[in-house]
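Notes for the one structure printed next.
Residue numbering restarts at 1 for every chain, and letters A, B, ... go by the order of the sequence lines. Small disclaimer: the values here were computed from a predicted structure and weren't measured.
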Amino acid sequence: MLKVRIVFSKRGRACFIPHIALPAVFSRSATRAGIRFVQTEGFSPRPKLSLGPELPVGIVALCEPMDVWLEEWRASFFDSWQRKLPDGFSLGGWEEAPLGNLGNSCEGAEYLIRVRDGGACEAVRSGYPWPEWVCRADYDGEWFRVVTERPGEHGPGALIRDLVEFGKMSGWAGVNVVRRVVGRLSGGELTGEKRVLPLVSLFSGDTNGN
Amino acid sequence: MTFNDFDDPYWPLFSETRRPSRYVGCEWGAGLPEKKNATVRFCLAFPDVYEIGMSYVGYQILYPLLKSLDEADVERVYCPWVDMEEQLRLHGLPLASLETGRSLSRFDVVGFTLQYELSYTNILTMLDLGGIPLFSKDRGDDDPLVIAGGPGAMTPEPLAPFLDAVCMGDGEITLPAIVERLSAAVGCSRSEKLDALADLPGIYLPVRSVASFDSAGCDLRSSQLFPIRRATLKSMKGAFSSEGLLVPSASVVHDRVPVELFRGCTRGCRFCQAGMLYRPIRERTADEVVEAALRWTEKTGWEEIGLMSLASCDSSALGDVVERLKPALRERRVRLSLPSLRMDAFSVQLAAALEPVKRGGLTFAPEAGTQRMRNVINKGVSEDDIETTLEAAFAHGWERIKLYFMMGLPTETREDLEGIAKIAERAAEIGRKHRKRAEIAVSVAGFVPKPHTPFQWERQASVAELSERGRFIKSLVSNRRVTVRYHEGEQTRLEGIFARGDRRLADVLFEAWRNGARFDGWTETFRPDIWKAAFEAKAVDPEWYVARERPRDERFPWDHIDIGVSRDFLWRERERSREESLTPDCRFGDCNACGWERRGCGILEKMRAVSC
C-alpha cells in the first residue's frame with residue numbers, strides 16, 4: 001500500500017461538479033488508466049482517498065490536494081491518469097509517501113475574488129471587515145487576493161455569502177472566485193507577506209490562470 | 001491573470017441554480033470530437049432531469065450508435081429544473097446541448113424518449129426554451145424535425161400535434177434509417193423530409209393524419225398505410241454494442257454499467273405494458289454479455305454492473321454469466337446487481353452470487369397481496385415463492401428488502417389489500433429471524449390501465465378510492481420494521497388519463513403547460529389545480545378516459561399501431577383474468593398465440609427446430 005499525494009485543478013464547467021462527487025471522478029478515471037486503488041475496510045469497501053478542504057461549487061480551483069492509497073505507483077501513471085480524466089479536471093503534480101496527514105498539512109488557502117459590480121467592489125475594498133482567519137487581503141485593481149488560515153474550518157462559502165450581503169449583490173453570480181492553492185502557509189511578520197505553497201514537490205501546474 | 005472560465009454566458013445561471021451539475025456535462029465518453037461534416041445533427045432529448053435521464057439505458061445505446069454513423073453527429077439535452085428554466089428566460093439564453101452548447105433549434109432532429117406520461121409538459125418546456133415552435137404546423141423548413149420514441153411512442157396521440165414523426169420499435173432499426181433518408185434529403189423542404197420518412201418501418205407521421213371522434217371511439221385517417229407496425233430487431237445477435245459508455249461526473253440515480261441481458265418478456269403479466277410492447281424475447285448470448293460487461297467496466301471505471309432486463313432472472317444465460325463474471329469482477333472489485341428480480345426465480349445460488357451488493361438492498365415486486373389477485377394479473381408468484389425468496393435473501397445477509405405492490409387492480413377486494421399488509425408483516429418476521437436490523441419497505445402504487453395490455457379496457461380506481469385503500473393498508477401494519485408508502489392518487493389519475501389519451505388531450509396539455517404545469521411526475525412541482533383548470537378550459541372531461549370500463553369493440557386511439565401482440569390475444573387474456581386463470585409463459589409450455597407466432601417468434605422457431 002502506497003500513499004501518493006496529488007494536486008489537481010477543476011476548471012470551466014467542472015467547477016460545478018460537487019466536492020462529494022470527486023472521489024468517484026478520480027477513482028473511476030484511475031481505473032480507466034489501469035491504476036488500482038487500495039480499498040477501505042468495512043462493510044462497504046470503497047477506493048481509499050482523502051480530499052482536501054471542501055470546495056463549494058462554482059469556484060475555480062487550481063491546486064487542490066488529495067491523498068490516494070494505491071497498490072502501486074509509477075511516475076508514468078501520472079500521464080495515463082491525466083488522459084483518462086473528464087473535461088475540466090487536470091492533475092498538477094504528485095509526491096510519493098508524503099509526510100503527515102492531509103488535513104493537518106492544509107494550513108492555508110489562497111483565493112482570488114473578483115466582485116463584478118463596481119459599486120459593490122468599492123464598498124468591499126473600502127470597508128469590508130475581513131474575518132480574523134483571513135491573514136491577508138490585497139486588491140490589485142481587479143482581484144482581491146485573500147489568504148486564509150485553517151481552510152478545513154473556514155471554507156469560502158461563508159465568506160462569499162458575507163461578501164454578497166455586504167456588497168448588496170444579487171447572489172453568487174456577482175462574485176468570481178478562484179482558489180489558487182491550498183497548502184502550507186509561508187511568510188509572516190518576519191519573512192514577508194503570507195503566501196500559500198502547494199503540498200507537493202513535483203507541482204507542474206499553473207496558479208495564474210490561463 | 002485571466003480566467004476565461006467566467007466568460008461562459010451560462011456561468012451566472014449555474015451559480016444561481018440548485019444542482020448545477022445537472023447542466024455542465026464534464027462526462028467521460030462524451031468528449032468525442034464534433035463531426036464537422038455531419039449532415040444530420042441529432043439531439044437526443046430526455047424530458048426529465050439529468051440524473052434520471054443519465055440512468056436511462058436507451059441513450060447509452062443510441063448515443064454511440066448515432067455517433068458511429070458517418071453522416072450523423074449526436075448530442076444530448078435534459079430538461080432543466082424549474083429554477084434553471086427561470087434563469088434561462090431571465091437571461092434570454094436558449095436551452096442548449098451538453099456537448100457543444102448548440103441551441104436545440106440548430107439541430108436537424110430533436111428526438112425525445114417518451115418514458116412516462118407525466119413528463120409530457122417537460123417536452124413543451126424544452127422545445128420552447130430551445131427556440132422550436134411547439135406545434136408541428138408552425139415549424140418551418142429551418143426548424144428541426146421533432147421526433148419521439150420509447151414506450152410512449154406506441155400511444156402517441158396526446159402529443160400528436162407537437163411531433164413531426166414517431167418512431168416505434170428498436171432504435172437500432174429506426175434511427176439509422178432516419179439518418180440515411182434525411183442525409184439524402186439535405187436542402188429539401190420540411191414536407192419533403194417527412195415524405196422521405198413516410199414509408200420507413202415503424203415511422204408514424206401524426207401530422208399526416210386526421211382524428212375524429214364518435215361514440216364508438218377514435219377514428220384516424222392518414223395518407224400513411226395503417227396500421228404502422230413496430231420495427232423490431234429479429235435477434236440481438238450481432239446487434240450494435242458500443243465500445244464505451246457515457247460516465248457522468250455528477251451522481252445519477254443508477255450509477256453503474258448497464259448490460260442488457262435480453263429484450264422482451266413472455267411472462268405475460270396482464271398489467272405490464274413493457275411485457276406486451278417489447279416482445280418477442282431476444283437474448284444476448286452469455287459470451288456477448290460477459291464480453292460487454294468486462295469491456296465496459298474497464299472503459300468506464302464504474303464499480304458496479306447492472307444486468308438489465310424486464311426480468312433478469314429469466315435469462316437462460318444468467319447462471320453462466322454470473323459464474324463467468326464472478327472471478328473477474330472480484331479481482332476488479334466490481335459489484336454485480338440484478339435490478340429486476342422475480343420472486344419465483346430468485347434462487348439461493350443467485351443470492352450467494354450477489355452477496356457483495358448488499359449495500360443497496362434487494363427489491364422484489366409481488367405486485368398483489370393474495371394468490372387470487374396474483375392470478376388475476378397473471379403474476380405467477382406463489383406464497384411459497386415469496387417465503388423462499390425472503391428466506392434466501394435474509395439468510396444471505398441482506399437487511400433491507402423493498403416490496404412493490406399495486407392497489408386498484410381489477411376485481412380488487414378488501415382481502416387483497418389485507419394480503420399486502422400480511423406479506424409485509426411476514427417478511428419482517430422472516431427478516432427478524434436472520435437479521436436484527438431487518439427492514440421492509442413497502443411501496444404501493446395505484447394501478448394505471450395501460451394501452452396494448454389485457455387491462456386496456458378497465459376502469460381506473462378514482463383518487464378517493466386509491467387514497468382510502470392506501471390509508472387502509474397503512475393502518476394494518478403495526479410492525480416498526482415495516483414502512484409503507486403509497487403514491488398520491490392525483491398523479492396516478494393524470495398518468496392514467498394520458499396513458500389512454502387521444503389527440504384532444506393535446507390542447508389540455510398545452511393549456512396546462514402555458515399556465516405553469518412542470519415536472520408533473522414530481523410531487524414537489526405537481527399542481528393538480530392547473531390541470532383541473534385546463535380540462536375545464538378546454539371542455540375535456542378527464543373522467544371519460546379513466547372512470548369507465550370500455551366496451552370490447554371501442555376504437556382506441558392506438559389501434560393504428562401494431563405492436564405485434566394482437567387485440568384478440570389481449571381480450572382473451574382479459575377474460576382469463578376474470579376467471580382468475582393463469583396463462584403460462586410460452587417458453588415453458590404451449591404457444592399462447594399472442595400474435596408473434598405469425599411473424600417470427602424466436603421461441604416458436606426454436607421449438608420447431610427441436611421437434612424437427
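- If you take OG1 on B:T297 and CZ on A:R32, they are separated by 12.5 Å, rounding to the nearest 0.5 Å.
- Using a 4.5 Å cut-off between heavy atoms, B:D255 contacts chain A through both its backbone and its side chain.
- For B:K326, the NZ atom sits in a packed shell: over 12 heavy atoms of surrounding residues, nucleotides or ligands are nearer than 6.0 Å.
- A distance of 6.5 Å separates CG in A:D87 from SG in B:C26, rounded to the nearest 0.5 Å.
- In terms of heavy-atom pairs under 4.5 Å with chain A, the best-connected choice from B:S249, B:A250, B:P12 is B:S249.
- If you measure heavy-atom distances from B:E16 to chain A, the contacts under 4.5 Å come from the side chain alone.
- Of all the heavy atoms in A:V57 and B:P20, the pair that sits closest is CG2-CG, 4.1 Å.
- Considering only heavy-atom pairs separated by less than 4.5 Å from chain A, the leading option among B:W302, B:Y23, B:W11, B:Y10 is B:W11.
- Crowding of A:I20 atom CD1: a count of heavy atoms from other residues, nucleotides or ligands under 6.0 Å not exceeding 12.
- When heavy atoms are compared at a cutoff of 4.5 Å, A:L85 approaches chain B solely by way of its backbone atoms N, CA, C and O.
- Remark: A:Y139 pairs with A:C121, A:R125, A:F144 by the side chain to side chain contact (heavy atoms under 4.5 Å, CB included) rule, at least two apart or across chains.
- The number of heavy-atom neighbours closer than 6.0 Å to CD of A:E122, taken from other residues, nucleotides and ligands shown, is above 12.
- The residue among B:R22, B:R19, B:E303 with the most heavy atom pairs within less than 4.5 Å of chain A is B:E303.
- Of all the heavy atoms in B:D5 and A:G12, the pair that sits closest is OD2-N, 2.7 Å.
- For A:W69, the ring-ring contact (aromatic ring centres under 6.0 Å, His included) criterion is met by no residue, not counting sequence neighbours.
- The backbone N or O of A:P86 lies less than 3.5 Å from no partner atom in the side chain of B:E27, so there is not a single donor-acceptor pair.
- Within 6.0 Å of atom CD in A:E165, 12 or fewer heavy atoms from other residues, nucleotides or ligands are found, so the atom counts as exposed in its surroundings.
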Decide yes or no on side chain to side chain contact (heavy atoms under 4.5 Å, CB included) for B:F14 and A:C15, but give the supporting numbers first.
CA-CA 10 Å; B:F14 300 148; A:C15 298; over 6 Å; no
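- Within the 3.5 Å criterion, the main-chain N or O of A:F37 finds a donor-acceptor partner in the side chain of B:R333.
- Aromatic rings from A:W143 and B:F3 are positioned such that their centres are separated by under 6.0 Å.
- Shortest non-hydrogen contact noted between A:V177 and B:F6 is O-CZ, 3.6 Å.
- Within a 6.0 Å sphere centred on CD of A:E41, heavy atoms belonging to other residues, nucleotides or ligands number 12 at most.
- No more than 12 heavy atoms of other residues, nucleotides or ligands lie within 6.0 Å of NZ in B:K402, so this atom counts as exposed by the packing criterion.
- Note: A:W172 CH2 to B:T17 OG1 = 13.0 Å, rounded to the nearest 0.5 Å.
- Counting non-hydrogen atoms of neighbouring residues, nucleotides and ligands closer than 6.0 angstrom, the CZ atom of B:R102 exceeds 12 such neighbours.
- Under the 4.5 Å side-chain criterion, counting only non-hydrogen atoms from C-beta, A:R28 is not in contact with B:T300.
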